[in-house]
Trainee: 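Attaching a single structure in structure tokens format; questions to follow.
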Amino acid sequence: MKSEPGVFSIDDLAKVKNQTTYWDGVRNYQARNFLRDEIKTGDKVIFYHSNSEPPVAAGICEVVREGYPDFTAFDSENIHFDLKSDFDNPTWFMVDIKLIRIFKHPVALSEIRANKKLANMILVRRGNRLSVMPVTKEEFEEIVSMGDKR
DNA sequence: GCCAACGTTGGC
DNA sequence: GCCAACGTTGGC
């Protein structure tokens, strides 16, 4: 799951109550489908910092509440407000995640690209822009082993 | 700041 | 249903 650290970073997550947050603002249908249909309580998540210098896999989290309507879509004051999302038939969904740990060694996108075991990650596929995407168990464990070094 | 890639919108 | 125009993402 990607976040711009200038908006919400893994360090921000470490500071909030219960180190838990709702993952709001996803406004892409493919990513929405993962949030609504695929992600389950107990799933592990890589927290990725996009649009940062450098972009990195910053740490890991766990899903503590699975797909439910993204209420920010109903709030006209919210930056993620969507007039077309019907309260009784919501368009957008979110999950809650809780911090597990911040990597001692944040794994740079360049390191991910350089690792042959991670060559098939959706993240590194050309043109990919998804902010929520699946990761295989093997990819997850490889990233974690890189992140926990040092 | 640039721009490739992609998703969405809306005229037809 | 097509597709040009436009907006966004996000690496570089």
Side-chain angles (χ1 to χ4, degrees), chain A residues 1-16 21-39 43-63 66-136 138-150:
Chain A
M1 294 169 68
K2 294 180 187 171
S3 182
E4 298 191 24
V7 177
F8 187 82
S9 71
I10 202 165
D11 298 298
D12 294 327
L13 179 57
K15 288 173 199 153
V16 301
T21 190
Y22 52 85
W23 200 261
D24 65 328
V26 172
R27 298 291 179 268
N28 167 281
Y29 286 98
Q30 206 179 341
R32 184 282 309 273
N33 292 345
F34 292 130
L35 291 171
R36 186 187 61 187
D37 307 329
E38 304 292 335
I39 299 175
D43 284 353
K44 301 295 195 298
V45 171
I46 296 170
F47 192 123
Y48 179 86
H49 282 173
S50 62
N51 238 320
S52 61
E53 185 48 53
V56 292
I60 53 176
C61 300
E62 178 172 359
V63 176
E66 60 194 45
Y68 64 104
D70 181 342
F71 52 82
T72 66
F74 310 128
D75 175 4
S76 62
E77 304 283 297
N78 192 284
I79 191 170
H80 301 302
F81 176 63
D82 179 6
L83 183 63
K84 289 182 287 186
S85 184
D86 179 1
F87 189 83
D88 295 315
N89 184 22
T91 308
W92 307 116
F93 283 73
M94 59 187 180
V95 301
D96 290 355
I97 60 167
K98 181 181 174 73
L99 181 65
I100 294 176
R101 66 178 174 279
I102 297 172
F103 287 146
K104 286 194 286 288
H105 173 69
V107 183
L109 179 60
S110 58
E111 296 177 81
I112 294 173
R113 287 193 193 283
N115 185 330
K116 283 181 185 162
K117 292 179 193 167
L118 302 176
N120 291 322
M121 284 191 79
I122 295 173
L123 178 71
V124 299
R125 288 185 197 167
R126 186 169 153 275
N128 166 67
R129 287 183 356 192
L130 279 174
S131 64
V132 177
M133 71 191 85
V135 175
T136 68
E138 292 73 23
E139 290 162 352
F140 182 87
E141 288 171 355
E142 181 65 16
I143 298 265
V144 169
S145 77
M146 295 164 80
D148 284 342
K149 279 179 186 165
R150 294 183 207 171

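Residue numbers begin at 1 in each chain, while the letters A, B, ... track the order of the sequences. Note that the coordinates shown come from a computational prediction; the quantities given were computed from them, not determined experimentally.
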Trainee: Which nucleotide span of DNA chain C, 5' end to 3' end, has atoms closer than 4.0 Å to non-hydrogen atoms of chain A?
Mentor: C:dG7 to C:dC12

Trainee: Going through the checks in order, is the side chain to side chain donor-acceptor pair (under 3.5 Å) test met by A:R27 and A:T72?
Mentor: CA-CA 11 Å; A:R27 298 291 179 268; A:T72 66; 3.1 Å; yes

Trainee: Name all residues meeting the salt bridge (Lys or Arg N to Asp or Glu O under 4.0 Å) criterion together with A:E141; count only those two or more places apart in sequence or in a different chain, and write none if there are none.
Mentor: A:K137

Trainee: For A:N51 and for A:R27, locate the closest nucleotide of DNA chain B by heavy-atom distance; then report the residue assigned to the nucleotide nearer the 5' terminus.
Mentor: A:N51

Trainee: Short question: side chain of A:D70, backbone of A:G25 - any donor-acceptor pair under 3.5 Å?
Mentor: yes

Trainee: Take the C1' atoms of the five end pairs on each side of the helix from B:dG1-C:dC12 to B:dC12-C:dG1, derive the two axes, and give their angle rounded to 10 degrees.
Mentor: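 Axis-to-axis angle, ends of the helix: 10°.
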
Trainee: Among pairs that include at least one residue of residues 89-102 of chain A, which meet side-chain hydrogen bond (donor to acceptor under 3.5 Å, both in side chains), considering only residues two or more places apart or in two chains?
Mentor: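 Of all non-adjacent pairs touching residues 89-102 of chain A, those that pass side-chain hydrogen bond (donor to acceptor under 3.5 Å, both in side chains) are A:Y68-A:D96, A:D82-A:W92, A:R101-A:D148.
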
Trainee: Mind checking side chain to side chain contact (heavy atoms under 4.5 Å, CB included) for A:E66 and listing every partner two or more places apart, or none if nothing turns up?
Mentor: A:K40, A:T41

Trainee: Quick check on contacts: within residues 122-134 of chain A, what sits under 4.0 Å from DNA chain B by heavy-atom distance?
Mentor: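 Only A:R126, A:G127, A:R129 qualify.
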
Trainee: For a quick test of your reading: what N or O donor-acceptor pairs under 3.5 Å do the side chains of residues 103-110 of chain A make, sequence neighbours left out?
Mentor:
| from | atom 1 | to | atom 2 | distance (Å) |
| --- | --- | --- | --- | --- |
| A:H105 | NE2 | A:E111 | OE1 | 3.0 |
| A:H105 | NE2 | A:E111 | OE2 | 3.4 |

Trainee: With sequence neighbours left out, write down each residue that passes side chain to side chain contact (heavy atoms under 4.5 Å, CB included) with A:A14, or none if nothing qualifies.
Mentor: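 Checked A:A14 against side chain to side chain contact (heavy atoms under 4.5 Å, CB included); matches are A:Q19, A:L99, A:I102.
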
Trainee: Can you list everything that forms a side chain to side chain contact (heavy atoms under 4.5 Å, CB included) with A:S9? Sequence neighbours excluded, please.
Mentor: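 A:P5, A:D11, A:D12, A:H49.
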
Trainee: Check DNA chain C against residues 108-116 of chain A and give the residues with a non-hydrogen atom under 4.0 Å, in numerical order.
Mentor: A:L109, A:R113

Trainee: Could I get the full list of side chain to side chain contact (heavy atoms under 4.5 Å, CB included) partners for A:E138, not counting sequence neighbours?
Mentor: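 With sequence neighbours excluded, A:E138 shows a side chain to side chain contact (heavy atoms under 4.5 Å, CB included) to A:T136, given in chain and number order.
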
Trainee: Salt bridge (Lys or Arg N to Asp or Glu O under 4.0 Å) with A:K44: which residues, sequence neighbours excluded?
Mentor: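 Per chain and number, A:K44 pairs via salt bridge (Lys or Arg N to Asp or Glu O under 4.0 Å) with no residue.
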
Trainee: Which residue, A:L123, A:N115, A:L118, A:V135, forms the side chain to side chain contact (heavy atoms under 4.5 Å, CB included) with A:I143?
Mentor: A:L118

Trainee: Quick check: does any side chain N or O of A:S3 sit under 3.5 Å from a backbone N or O of A:F8, one acting as donor and the other as acceptor?
Mentor: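 Here the side-chain-to-backbone pair exists.
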
